[in-house]
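Worksheet for the structure shown next.
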Amino acid sequence: MNRLKYLLKYLQQREVLLGLMIVLLIGLVGVRAPIFLGMSSLSNLLTDSTLLVMLAVTQMFVIITRGIDLSVASNLALSGMMSALLASKFPDLPLLLIVLVAMAIGLGLGLINGYLIGYLSLPPIVVTLGTMSVYRGLVFVLSGGAWVSSHQMPAAFIAFPLSQLLGITHLVWIAAIVVILMWYLARYTHFGRDLYAIGNQPTAANYIGIPTPRRLFWTYGLSGLMAGLCGYLWVARYAVAYTEIAYGFEFTVIAACVIGGINIAGGAGTVSGAVLGSLFLAVINNALPVVKISPFWQSALTGVVILTAVMINARSNKKGSRQILPLQLLQKNAIRSST
Amino acid sequence: MLMTNEHNPFPIAPDGSLAPPILTLKGICKRFQGIVALHEVALNVRAGEVMALIGENGAGKSTMVKTLTGIYQPDSGSMHIAGKEVRFATPQQAMLAGVTAVHQETVMFDELTVAENIFIGRQPMHGFPARVNWPLMEAQAERLFTRLEVSLPVRAKVKDLSVAQRHFVEIARALSQDARVVIMDEPTASLSQREIQELYRIIRQLRAAGTAVIFISHKFDEIYAVADRYTVLRDGHFVAEGALADISEPDLVSLMVGRSIHQTFPKQEVAIGETLLEVKDFCHPTEFDNINFSLRQGEILGFYGLVGAGRSEVMQALFGLSSNVRGSVSLAGKILDIKSAKDAIAHGIAYVPEDRQHQGGHLTMSVQQNITLPILDRIGFLLGTRRNEETAISRHYSEQLELKASHLTQMIAELSGGNQQKVVLGKWLATKPKVIILDEPTKGIDIGSKAAVHRFISELVSTGLSVILVSSELPEVLGMSDRVIVMHQGHIKKVFDRAHATPESVVAAASGSDSLAVEMAEEIA
Amino acid sequence: MTSPTNSSRYTIRDKEEFQFKKFFSHWETLLALLFVAAFIINSLLLPNFFDLHNLADGTFNFSEKALIALPMALLIICREIDISVSGILALCSVAMGLANSHGLPAYSLLFIAVFTGAACGSLNGLLVTRFALPSIVVTIGSVSLFRGLASVVLGDQAFTAYPQLLIDWGQGYFFDFIPRQFIILLFFVVVFAIILHATSWGRRIYAIGNNPVAARFSGVSVDKYRFMLFTLTGAMAGLAAFLLTGRIGSTRPNIATGWELEIITMVILGGVSIAGGAGTIVGVFLAVLTLGVVNYGMALANIPGIIMTIVVGILLLITIALPRLLNRKKQRK
Amino acid sequence: GCEQKSDKVKIAIVVKNLGNGFFDAAHEGAKEAAKQIGNVEIIYTGPTTPSAEGQIEIINSLISQKVNAIAISANDANALVPITKKAMQRGIKVISFDSGIAPEGRLMQLNPSNADLIGLKQLQMASDAIGGKGEIAILSASAQATNQNIWINVMKKDLEKPEFAGLKLVATVYGDDQSDKSYREAIGLLRSNPNLKVIISPSTVGINAASKAVVDEHLVGKVFVTGLGLPSEMAGHVKSGAVKEFAIWNPIDLGYAATYIANEFVKGNPNAKAGGSFTIGRMGTIEIDVNGEAAMAPPFTYNKDNVEQFSKIF
Ligand SMILES: Nc1ncnc2c1ncn2[C@@H]1O[C@H](COP(=O)(O)OP(=O)(O)OP(=O)(O)O)[C@@H](O)[C@H]1O
Ligand SMILES: Nc1ncnc2c1ncn2[C@@H]1O[C@H](COP(=O)(O)OP(=O)(O)OP(=O)(O)O)[C@@H](O)[C@H]1O
Ligand SMILES: [Mg+2]
Ligand SMILES: [Mg+2]
């Protein structure tokens, strides 16, 4: 009895529910296209989800502070383009240096957001809407509108993301490390905990003495840093860089967070939620081409699935009324009404 | 009356020596866009004493608290702790210097646990790489509550706590950092009698341990019960300080408001008419059950209970704000179908909520826009052509409630807490209701205005209105009501006539009269 | 109504006194100055700019977006947002195309567009109010759905051959000079300004954006207003679809892609607070005109569109950051 | 103010979107033509993303600038008609090149090559890569791209011919001009069609993504990618072996020809009309058919022997 109650309560948790939904979805797709359940297919799915996962976990921090970072995709494109240009101009540079440069550019761009939002207390959605256009435009200006194609990039540059270590791609390793770091950051550091406080009650956070401007500054910096890293990974993975890479990807990232139960109003959300939300979207995106549904249906189905996931989420989210009546009396009532 | 300089401002410390003040403020000024909130204010607090900070709404008490705790920086003046000049650029620095506060606004993080709310920003760390030591933090929180002799689940999320429980979390936070000066800005405003007693006990415990306590309250019985000395502010100016033992309550009041106030409850005898409102078999799945009562024309019906007894929930349901409610409400014999607040207003019911910040006011809207919001339909659809009427209505109620504001188009965020409450009250009076439900109408209101509110309530009933007065203040309920209904855990426990309502019997009913301790334990578990 | 004796100890003035400094710190004033500056600079630098015919034609570039920006402003004032407007627009256009290809009369297309838009908007509104979901979340999902449905219907095809009536309204002029679209826009600017600033509806919209809980406690049917605003936004997107379809004479599922961000930029630049509760229609309209002038000027100078996005982005950042920076300096003094 | 009367002929080249290597190369050709003709000013412009609305805004401003001619590669054959009609009413000569506008909206359409030839070419390359037998799939840019759809329809028709009897088209998918979506679609094709032999992608983003997918799935030599792409962007994939052959027409020549033709229309050459023919500089004579269309040479095929050489040019 007690154990059952415990199990039910556990099942009602958002993360568990979402995990079950993902398994169910994979199963359903598998019924229609058994190939989807193959080892290589699933590992490809995992690899494919990594960029989204990484961006979603850092976006999660931003959303927790009641913010939003619409500029991630543009930032990704800009730092990706810069790393590609760098690699093509100086093919002998060590890869690590190029990755670091990409991350530094991303960080810098993120910190610009952070300064405007943290220190000037400007509304995040407006600031990042602005920098989103600016960064995207800069990709065009700095690249002269030209592509950087695969043969211009050094082989090592392209090969890195999909090379394997112990049978697992670098992308997955990196994402795993990022997820663990972010989980640690969220749960075990003053930085992470302060973000929850800021998101819960910004004014109260000030009263407590949480350095809100500094925290926001670095939160957007972190989001930018991750965009920079993903910028390199994206460009290397698809072996091409041009102005419009990852166009509109910011909404996918936000959708992943939202599906993962990160409260868009701030203050609540977990790393596991963000990861699961990203996996959920990745499963859909990878499954639709495989199940041979007309391509014209893809967008509509994605919309329906996002809305459904969000609605299921909302059910476990709904604020109930307060329990004032003494419980033993209620049980009596229940017995009365059931007989 | 005795002024500061006429008696010895330095009391003798418990060990017999003349203790120097631990905290001294001199010439503190603070201005907000032209408004002078504090002007040349001085304050002296010694270790081991409770200093009552007294003043009307908007006198500058909270501003002083925020200046002391580093949230605001003073424009001029100096601050000394144990003789050393200090300057707090951030709240953190104030905490490190041992100055902590329980603010008037709740400082709570709903999604975080009780333990974390206490230690937020300075959670204990351990290991390498350094990480938050959750078990230690929770253990420390447990220890803190044991010391305070309050029992609270430290791992519960704060959003699941009652208002009173939240308050104790805030108090625990202020005490968790070995503070030398603890400030409490109206800590009792939402506490019940029982919890106020707990608070007194904690304050005495602090005083015994040599902590200086600054205690802000509008209730004089509390001030006399717990404080040693007083400092009075009026309109941002320092007025007087001294020992409470040397001053009588009326003198203190006149110091505070600069004139004398009749404090007796101005209950006028009004002929009570027919039954106006009748509530039958009102129930809700989790909040209340089996609520039956009636309200007669010209009657003031008091609702008393411990905080969390469900009075507000019943009233909100009556006002059409809850779904899931069963039962019937009839007004003047006609059964009402109230589905929303709009219906309730249309039937002549008004509800003045208790939570000013969230339910009451529109902070960035003007006084005028706040007051006319529920009666917009009455003013007319095309408001643009009805400006004068709108102004006249809002002026009428602002003046009646002695609102302190510079103009009617001022945002109410710029008003002091008490004045915001007045705007909310004015808004509901403007609906010209038949039945007005006042949920803690004088919470956070200073004594002068409180008397005005009470006078107002009396005037209301004399014009034929009926009032439901929900209050956790026993004197107010007993002084104002014709009948008192006591609620306990979502039920009506007892109904008293004015004649039979004695403080003892009412409190006994409110606490469930029988095994109090057992229930308390259950409530928390 | 007024009390016979002024019992209060405090005097309260009716209105704040007019202050010159305050007037100039108004967003609308700043925008108006910006608009005039942009206009003058463009006229001086660009030979073809100050030509009434050209300016009139230039309004085609923003009229449809501005029509959606108006209800969007109300939504944002109400603390909601609708990311799905461009998806709604596409679906409305598809609905018109379907109706047209089934031979429905020309004037009925307007009703079909507006009705489809209202239906889409009310779906958003239903999800937001019924399930208590944040609107940004709902509309991120529904934009995919709406545009997806458009693509389900059309696939790789297009609807063309729209009747003359549509073309007249989409491309036509009044008095051979002022685009009809712009007149429609002006009409709706006035209507929305009256609704927001001079009626009890508008006041309640502000109240909801300011504090939804207190608004509910004050007898405002918060959810009804939200629902109606989403529906209205959808309907206006339908109207915009009618005009745009008339203007370009064809429908494809990717019509109006990316408009939502441009529309939101207009609204925010217009001084509507993203936190709700503040903003004016005049501000939004001034922002529309300013953006129109800047964009049109840059197009005349043949500056690539992507550079324009940089300029618009920077404009957005500067206009919101500048007051804050100035304020800071003043405070430090 | 006083209008600056410049006697230069202003020819605007409006492309689908900026930052597209194909059109940048066409721009080079246009500049070359302008230099040869003399007294011609080229305005090279286009929207940020390939949208018809963006092109309409641009044409609006070109009308205001009173350019002499507009040569456009349209994002939507129908949506641009009203605005180009208006431009023509105001005396501007409008021609389309590469991706055409519906006949009523332009004076002539310059096809880079004949649509039938392009479709056929792609099928041939696919057939050659696998010896004429096997499953093929198409990865298109987007369902809304006019020329993509025309080519796909040609291919579908051509597949019924006996020489392609061995080829079986199993799927047509869309990558929306995004590398990640195209890549995912390509992977999906490879997964769900284990016997797939060729992916044809008539889009530059698509052919790149498909090639990368084939490499990543270790299917080089088993599955081939072909289609339309630029040598500079495809060189790497030819080297990796994922692509044996691909085709493209010469964008430089295309831009050159478009500019030349536009200039002839501005000059009022009596032969500049449907059914006429005239010489256009180094390209020789061009013939406009009765539908107002003209076509240039068949697409040129690139493979590992020549791709390096051309990748330096465009
Ligand atoms: N942030 C602010 N901006 C502008 N004016 C302010 C601000 N905070 C306080 N004030 C003004 O300063 C004065 C003092 O306010 P304060 O909150 O300190 O009063 P109080 O004594 O705490 O009153 P109450 O008993 O109602 O809480 C008031 O007139 C108030 O309007
Ligand atoms: N955990 C909670 N969740 C949601 N709302 C709460 C919670 N605790 C308190 N409230 C709201 O805050 C207000 C104050 O609650 P309080 O603890 O005074 O209880 P109450 O139900 O109002 O009881 P009473 O009026 O009898 O004191 C009420 O309006 C209540 O609805
Ligand atoms: Mg106060
Ligand atoms: Mg209450």
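Residue numbering restarts at 1 for every chain, and letters A, B, ... go by the order of the sequence lines. Side-chain atoms are counted along with the backbone in the values below, which use heavy atoms only and exclude waters and symmetry mates.
- Ranked by heavy-atom pairs under 4.5 Å with chain C, the first of B/A344, B/G380, B/S340, B/G361 is B/G361.
- In this structure, the portion of B/E390 lying under 4.5 Å from any heavy atom of chain C is its side chain and not its backbone.
- For C/F111, the CZ atom sits in a loose shell: 12 or fewer heavy atoms of surrounding residues, nucleotides or ligands are nearer than 6.0 Å.
- Contact of B/H358 with chain C is made through the backbone alone, with heavy-atom distances under 4.5 Å.
- Contacts of B/T372 with chain C are made by side-chain atoms alone, with heavy-atom separations under 4.5 Å and no backbone atom involved.
- Other residues, nucleotides and ligands contribute only 12 or fewer heavy atoms inside 6.0 Å of the CZ atom of B/R87.
- Interface remark: B/L382 contributes backbone and side-chain atoms alike to the contact with chain C (heavy atom separation under 4.5 Å).
- For chain C, no part of B/R386 is nearby; none of its heavy atoms comes within less than 4.5 Å.
- Heavy-atom pairs under 4.5 Å with chain C peak, among B/S406, B/A341, B/P374, at B/S406.
- In this structure, chain B has no heavy atom under 4.5 Å from any part of C/I195.
- Contacts between residues 207-222 of chain C and chain B, counted as heavy-atom pairs separated by less than 4.5 Å, involve C/A207, C/N210, C/N211, C/V213, C/A214, C/A215, C/R216, C/F217, C/S218, C/G219, C/V220, C/S221.
- Atoms OH and OG1, on C/Y206 and B/T364 in that order, are 10.5 Å from each other to the nearest 0.5 Å.
- Proximity to chain C (any heavy atom under 4.5 Å) is shown, for B/D377, by both the backbone and the side chain.
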Donor-acceptor pairs under 3.5 Å, side chain of residues 230-239 of chain C to any protein atom, not counting sequence neighbours: which ones?
| from | atom 1 | to | atom 2 | distance (Å) |
| --- | --- | --- | --- | --- |
| C/T231 | OG1 | C/F227 | O | 2.8 |
| C/T233 | OG1 | C/L229 | O | 2.7 |

